[in-house]
Amino acid sequence: MVVVPCSMRSLAGIATGNSDNLLTRAADVTLKERRRLVLVTRETPLNLIHIRNMETVTLAGATVFPPVLAFYHRPQTIDDIVAHIVGKVLDQFGVGHKLFDRWGSAQ
C-alpha cells in the first residue's frame with residue numbers, strides 16, 4: 001500500500017493505530033499483515049511529533065518516503081521531476097519502469 005500524499009494527520013493516525021477512516025484502517029491492516037506500506041509524507045518543516053510518528057511507523061514496518069527532488073538525472077520539465085518521484089515509489093514495490101535513467105546511466 002502506498003499513501004500519496006500522506007498528511008501529518010494521516011501519519012499520526014497510522015502511528016497511533018487510530019483507524020477512524022478507510023485510509024488509516026487500510027494502513028493498519030497492511031502493517032498487521034506485514035505487507036509493504038509506503039507513506040509519501042508531504043509537509044515541512046517537521047516538528048518533533050512528526051519525527052516521532054515517522055519513527056513509530058518505521059519501527060512498525062512502514063517506509064517513510066518524503067518526495068525529495070533529485071537533479072542527478074537532469075530533469076528538463078516538471079513532468080520529469082514527477083516521473084522520478086513516481087519511479088522511486090514504484091521501486092519500493094519492485095515494479096519495473098522506465099520513468100528515469102538510473103544513477104550512472106544519465107547522459
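For the numbers below, each heavy atom of this structure counts, side chains included, while hydrogens, waters and symmetry mates do not.
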Asks: Describe, in one word, how the ring planes of H84 and H73 are oriented to each other, choosing from parallel (under 30°), tilted (30 to 60°) and perpendicular (over 60°).
Replies: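 Parallel.
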Asks: Hey, could you give me the CG/OG distance between L39 and S10, rounded to the nearest 0.5 Å?
Replies: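 Those atoms lie 9.0 Å apart.
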Asks: Crowded around L59 CG? As in, over 12 foreign heavy atoms under 6.0 Å?
Replies: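 It does: L59 CG has more than 12 such atoms within range.
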Asks: Do the side chains of K88 and I85 get nearer than 4.5 Å, heavy atoms only?
Replies: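 No; the side chains remain at least 4.5 Å from each other.
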Asks: Please name the pair of heavy atoms, one in N18 and one in T24, separated by the smallest distance, quoted to 0.1 Å.
Replies: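 Shortest heavy-atom separation between N18 and T24 comes out as O-OG1, 3.4 Å.
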Asks: Going only through I, L, V, M, F, W and Y residues with side-chain contacts under 4.5 Å, is there a path from L69 to L46?
Replies: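 No; tracing contacts between hydrophobic side chains, which count when under 4.5 Å, never links both residues.
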Asks: Between R42 and M8, what is the shortest heavy-atom contact and its length?
Replies: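 Heavy atoms only, the tightest pair is N-CE, 4.4 Å.
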Asks: Between Q76 and R74, is there a donor-acceptor pair closer than 3.5 Å when you use the side chain of the first and the backbone of the second?
Replies: yes
Asks: Of the non-hydrogen atoms in V3 and M1, which two are nearest, and what is the gap between them?
Replies: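 Closest approach of V3 to M1, heavy atoms only: CG2-CE, 3.8 Å.
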Asks: As an exercise, state the distance from OG1 of T41 to CZ of F65, rounded to the nearest 0.5 Å.
Replies: 9.5 Å
Asks: Determine, using the 4.5 Å side-chain heavy-atom cutoff (strictly less than), whether V4 and M54 are members of one ILVMFWY cluster.
Replies: no
Asks: Do V89 and V68 belong together in a cluster built from hydrophobic side chains that touch within less than 4.5 Å?
Replies: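 They do not share one cluster, since no chain of ILVMFWY contacts under 4.5 Å joins V89 to V68.
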Asks: Is the closest side-chain heavy-atom distance between V2 and F93 below 4.5 Å?
Replies: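 When only atoms from C-beta onward are counted, F93 and V2 do touch, with a gap below 4.5 Å.
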Asks: How close do H97 and G87 get, heavy atom to heavy atom, and via which atoms?
Replies: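 Closest heavy-atom pair between H97 and G87: NE2-O, 3.0 Å.
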Asks: Not counting sequence neighbours, which residues clear ring-ring contact (aromatic ring centres under 6.0 Å, His included) with H50? List them please.
Replies: none
Asks: Can you hop from L22 to V29 via hydrophobic side chains spaced under 4.5 Å?
Replies: no
Asks: Please check if atom CD1 in I51 has more than 12 non-hydrogen atoms from other residues, nucleotides or ligands closer than 6.0 Å.
Replies: yes
Asks: Can you see which heavy atom on A60 is nearest to which on L31, and at what distance?
Replies: O-CD2, 3.6 Å
Asks: Can you find a heavy atom in the side chain of I14 that is under 4.5 Å from one in the side chain of L37?
Replies: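 The answer is yes; the side chains approach within 4.5 Å.
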Asks: For a quick test of reading the model, state the closest non-hydrogen atom pair linking L11 to C6 and the distance between them.
Replies: N-SG, 3.8 Å
